[in-house]
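Note sheet for the following structure.
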Amino acid sequence: MIIVLFGPPGAGKGTQAERLVDKYQLKQLSTGDMLRDDIAKGSELGKKAKVIMDRGELVSDEIILSMIKEKIKNSEGNGFIFDGFPRNLDQAKALDKMLNELKLSLDLVIEIVVNDDILINRIEKRAQESQNARSDDNETVLKNRLNVYHQSTEKIKPYYLNQKKLVKIDGVRSIEQVSQDIEGHILNIGKQLS
Ligand code: AMP
């Protein structure tokens with residue numbers, strides 16, 4: 001099973017991805033986490049990426065795609081859950097191509113819908129809780145990340161709608177309720193796949 005969790009920054013993709021990993025033994029592939037690992041290691045790639053991430057811009061497709069390629073070709077198990085990837089149409093097309101080469105295909109794209117005002121509130125809270133704060137959690141950067149989401153990332157939606165793979169769920173509910181909705185959609189594709 002290969003799933004993309006799609007949605008704006010702060011929508012809860014990471015939290016939901018972790019729950020799916022536990023429940024279905026999927027491998028979580030979060031490009032944001034991979035980049036933060038590189039920053040923590042102090043690698044050249046990490047240093048370059050940090051400057052871009054701290055501005056709320058997108059890291060180059062070249063870097064992102066090579067990270068993803070490495071992970072999907074070296075992985076066995078029940079499948080993947082992509083979190084924070086793809087972020088633009090070129091990445092979405094490149095993902096299909098990579099999966100195709102491995103004779104795999106995407107099963108489902110789950111959009112977690114949360115409006116901008118609520119997201120700004122959530123991120124401000126996260127920034128105040130210092131142990132969870134990230135260097136890109138502040139209002140100015142968040143507004144830029146939301147802009148990038150609306151300008152680039154959301155433009156992927158018609159691509160997945162055409163493939164009949166996109167489902168929307170309301171992200172402004174409890175973590176448990178959002179999980180239940182996601183699991184309902186996963187059960188549905190299970191039926192179609194069997
Ligand atoms: P995230 O943890 O998914 O919110 O990502 C944090 C930051 O990492 C983003 O604001 C981008 O700067 C960068 N990033 C993460 N994933 C991608 C991606 N797929 N493409 C480009 N940049 C990314």
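Counting starts at 1 for both ligands and their atoms, in listed order.
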Leu58 and ligand 1 - part of the residue with a heavy-atom distance under 4.0 Å: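 The answer is both.
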Nitrogen or oxygen of Val59 less than 3.5 angstrom from that of ligand 1: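 It does: an N or O of Val59 is found under 3.5 Å from an N or O of ligand 1.
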Under 4.0 Å from a heavy atom of [X]: give me the atoms of ligand 1 that qualify, with their elements.
{"X": "Arg36", "value": "2 (O), 6 (C)"}
{"X": "Gly84", "value": "16 (N), 17 (C), 18 (C), 19 (N)"}
{"X": "Gly32", "value": "2 (O), 5 (O), 15 (C), 16 (N)"}
{"X": "Gln91", "value": "18 (C), 19 (N), 20 (N), 21 (C)"}
{"X": "Glu57", "value": "11 (C), 12 (O)"}
{"X": "Leu35", "value": "8 (O), 13 (C), 14 (N), 15 (C)"}
{"X": "Thr31", "value": "15 (C), 16 (N), 17 (C), 18 (C), 19 (N)"}

Best match, Arg55, Arg87, Lys13: closest heavy atom to atom 3 (O) of ligand 1: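 It is Arg87 whose heavy atom sits nearest to atom 3 (O) of ligand 1.
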Option of least heavy-atom distance to atom 23 (C) of ligand 1 (set: Asn144, Asp33, Ile52, Ile64):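 Answer by nearest heavy atom: Ile64.
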More than 12 heavy atoms from other groups under 6.0 Å of NZ on Lys69: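 At most 12 heavy atoms, drawn from other residues, nucleotides or ligands, come within 6.0 Å of this atom.
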Atom NZ of Lys165 with >12 non-hydrogen neighbours under 6.0 angstrom: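 Enclosed: over 12 neighbouring heavy atoms sit under 6.0 Å from NZ of Lys165.
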Residue pair Arg87 / Thr153, side-chain donor-acceptor N/O under 3.5 Å: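 There is no such pair between these side chains.
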Short side-chain donor-acceptor distance under 3.5 Å, Asp96 and Gln163: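 Judged by distance alone, the side chains do pair up.
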Tyr160: ring pair (Phe, Tyr, Trp, His ring centres under 6.0 Å) partners, not counting sequence neighbours: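 With neighbours one apart ignored, the set is empty.
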Gln180: side chain to side chain contact (heavy atoms under 4.5 Å, CB included) partners, not counting sequence neighbours: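 Partners of Gln180 by the side chain to side chain contact (heavy atoms under 4.5 Å, CB included) criterion, ordered by chain and then number, come out as Glu176.
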Lys/Arg-Asp/Glu bridge criterion (N-O < 4.0 Å) met for Asp22, Arg19: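 Here Asp22 does not pair with Arg19 in a salt bridge, since their nearest N and O are not under 4.0 Å apart.
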Joint cluster assignment, Leu102 & Val4, ILVMFWY side-chain distance < 4.5 Å: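 Linked, Leu102 and Val4 end up in one cluster.
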